[in-house]
Amino acid sequence: MKKLVIIPAYNEEKSICTTVQDVLENAPGFDYVVINDCSKDATLQVCRAHGLNVVNLPINLGIGGAIQTGYRYAVENGYDLAVQFDGDGQHDAKFLQLMADRMESDQLDMVIGSRFIENEGFQSTGLRRMGIRFFQGLLRMLFGVRITDATSGMRMCNRQVFEQFSLEYPQDYPEPETIACLLRQKRKVAEIPVVMRERKAGVSSINPLKSIYYMIKVSMAILIERMR
């Protein structure tokens with residue numbers, strides 16, 4: 001199996017090298033690609049200086065566009081599995097093979113790394129945890145499936161799924177919406193417990209003001225997905 005780690009990066013000059021090193025040391029069966037989303041800092045220069053495998057976007061597409069680019073890269077290069085992995089150091093690469101094993105053993109379409117199954121490691125901020133619990137309840141009400149960490153950016157999918165996502169993918173805050181899409185299609189989605197860390201550098205793209213837009217936008221997208 002060819003397995004790809006997609007690392008979206010926007011202004012991650014201080015953490016991108018350690019993130020890639022984590023993958024190389026703790027997930028040796030995986031290839032990786034950094035998708036530089038037109039960073040304003042020296043992320044691209046750092047990647048090139050250290051010989052990292054990087055795709056550079058000439059304009060900022062946001063997280064959705066960066067991940068979709070990674071999925072397109074996976075399609076064109078013949079990968080069987082693709083996993084999203086944050087460039088800010090929050091994710092731990094030692095869980096990647098466990099995710100791949102679970103996907104293969106249970107014939108899953110998507111595996112999500114959840115920090116809320118065993119409640120270990122960094123548990124996110126209080127405000128964000130409230131939003132995560134809200135989406136957990138909404139997805140369970142609409143689709144009958146319990147997803148404890150719907151906003152997790154550590155998600156692995158098989159080729160059939162990432163081929164679909166390479167053609168159509170939400171452009172902002174895509175994680176809960178794409179889970180809803182797969183559940184509506186009766187795809188098999190499951191979670192495994194992982195431990196996440198606080199980000200090593202940079203700041204979250206979701207501030208208190210954006211949180212309001214985030215909750216409304218994503219909730220409407222999930223409801224629309226359910227009505228399709």
Side-chain angles (χ1 to χ4, degrees), residues 6-12 15 35-41 57 59-71 83-91 110-117 119 121-143 145-157 161 164-165 168-185 189 191 194 196-228:
I6 300 168
I7 307 174
Y10 179 69
N11 295 345
E12 306 290 3
S15 59
I35 310 296
N36 178 50
D37 191 20
C38 196
S39 296
K40 296 179 180 179
D41 66 359
L57 299 178
I59 60 173
N60 180 262
L61 296 182
I63 183 63
I67 293 299
Q68 187 175 19
T69 300
Y71 287 144
V83 57
Q84 179 181 341
F85 193 83
D86 286 355
D88 58 14
Q90 290 193 84
H91 296 162
M110 175 177 280
V111 178
I112 302 166
S114 171
R115 73 205 103 173
F116 301 119
I117 295 176
N119 293 310
F122 179 60
Q123 299 290 290
S124 191
T125 64
L127 182 63
R128 187 156 184 169
R129 286 198 302 272
M130 289 177 60
I132 292 168
R133 285 194 292 269
F134 172 81
F135 289 128
Q136 176 182 326
L138 184 62
L139 289 170
R140 189 165 190 172
M141 179 180 68
L142 295 177
F143 299 98
V145 178
R146 183 173 183 258
I147 302 294
T148 66
D149 200 352
T151 68
S152 173
M154 192 175 184
R155 313 183 317 150
M156 181 179 292
C157 52
V161 170
Q164 173 185 333
F165 287 164
E168 184 176 0
Y169 200 71
Q171 292 307 296
D172 55 354
Y173 316 125
E175 289 85 5
E177 183 177 347
T178 48
I179 292 171
C181 173
L182 295 181
L183 293 177
R184 178 183 61 80
Q185 296 172 357
V189 179
E191 297 179 295
V194 300
M196 295 188 185
R197 304 174 285 233
E198 291 192 66
R199 63 170 59 243
K200 294 185 180 298
V203 296
S204 173
S205 62
I206 303 177
N207 56 37
L209 183 60
K210 285 185 177 180
S211 295
I212 300 172
Y213 166 75
Y214 172 83
M215 294 298 295
I216 296 172
K217 189 268 181 188
V218 176
S219 298
M220 291 299 297
I222 291 173
L223 290 169
I224 291 169
E225 189 64 51
R226 185 63 185 89
M227 291 186 291
R228 285 188 177 185

Could you go through Tyr169 and Gln164, starting from their C-alpha distance and side-chain angles, then the distance that decides it, and tell me whether this counts as side-chain contact (heavy atoms from CB on, under 4.5 Å)? CA-CA 8 Å; Tyr169 200 71; Gln164 173 185 333; over 6 Å; no
What's the separation between atom CD1 in Ile7 and atom OG in Ser15, rounded to the nearest 0.5 Å? 10.0 Å
Return the set of residues passing ring pair (Phe, Tyr, Trp, His ring centres under 6.0 Å) with Phe143 (not counting sequence neighbours), or none when no residue passes. none
If you look at every heavy atom in Leu57 and Ala66, which pair is closest and at what distance? CD1-CA, 4.2 Å
Identify the two heavy atoms, one from Ser39 and one from Asn11, that lie closest to each other, and give their separation to 0.1 Å. OG-N, 2.8 Å
Shortest non-hydrogen contact from Ile132 toward Ala150: CG2-N, 4.5 Å
Distance-only, no hydrogens or angles: does the Arg115 side chain make a donor-acceptor pair with backbone N or O of Asp149 under 3.5 Å? no
Write down the atom of Phe116, the atom of Thr148, and the distance for their closest heavy-atom approach. CD1-O, 3.4 Å
Working to the nearest 0.5 Å, report the span between OH of Tyr173 and OG1 of Thr151. 12.0 Å
Can you tell me how far apart CG (Leu142) and CD1 (Ile222) are? Round to the nearest 0.5 Å. 7.5 Å
Given Glu191 and Arg146, is the side-chain contact (heavy atoms from CB on, under 4.5 Å) satisfied, shown in steps? CA-CA 9 Å; Glu191 297 179 295; Arg146 183 173 183 258; 5.9 Å; no
Salt bridge (Lys or Arg N to Asp or Glu O under 4.0 Å) against Asp37, all qualifying residues, sequence neighbours excluded: none
Under the side-chain contact (heavy atoms from CB on, under 4.5 Å) criterion, do Leu139 and Val145 qualify, and how do the steps go? CA-CA 7 Å; Leu139 289 170; Val145 178; over 6 Å; no
Nearest heavy-atom contact between Ser152 and Gly113 is OG-O, 2.7 Å
CD1 of Ile112 to CE of Met156, rounded to nearest 0.5 Å, is 12.0 Å
Once the angle between the rings of Phe165 and Tyr71 is folded into 0 to 90°, is it parallel (under 30°), tilted (30 to 60°) or perpendicular (over 60°)? tilted
Name each donor-acceptor pair under 3.5 Å that joins a side chain in residues 174-184 to protein atoms two or more places apart or in another chain, with its distance.
{"from": "Glu175", "atom 1": "OE2", "to": "Gln84", "atom 2": "NE2", "distance (Å)": "3.3"}
{"from": "Glu177", "atom 1": "OE1", "to": "Lys217", "atom 2": "NZ", "distance (Å)": "3.3"}
{"from": "Thr178", "atom 1": "OG1", "to": "Arg155", "atom 2": "NH1", "distance (Å)": "3.0"}
{"from": "Thr178", "atom 1": "OG1", "to": "Arg155", "atom 2": "NH2", "distance (Å)": "3.1"}
{"from": "Thr178", "atom 1": "OG1", "to": "Pro174", "atom 2": "O", "distance (Å)": "2.8"}
{"from": "Thr178", "atom 1": "OG1", "to": "Glu175", "atom 2": "O", "distance (Å)": "3.0"}
{"from": "Arg184", "atom 1": "NE", "to": "Glu225", "atom 2": "O", "distance (Å)": "3.4"}
{"from": "Arg184", "atom 1": "NE", "to": "Glu225", "atom 2": "OE2", "distance (Å)": "2.5"}
{"from": "Arg184", "atom 1": "NH2", "to": "Glu225", "atom 2": "OE2", "distance (Å)": "3.0"}

Indicate yes or no for a side-chain donor-acceptor contact from Asp86 to the backbone of Asp88 under 3.5 Å, with no hydrogens or angles considered. no
Taking all non-hydrogen atoms of both residues, which atom of Ser219 and which atom of Phe135 are closest, and how far apart? OG-CE2, 3.8 Å
To the nearest 0.5 angstrom, please state how far the CZ atom of Arg133 sits from the CD atom of Gln136. 9.0 Å
Answer yes or no: is there a side-chain heavy-atom contact under 4.5 Å between Met196 and His91? yes
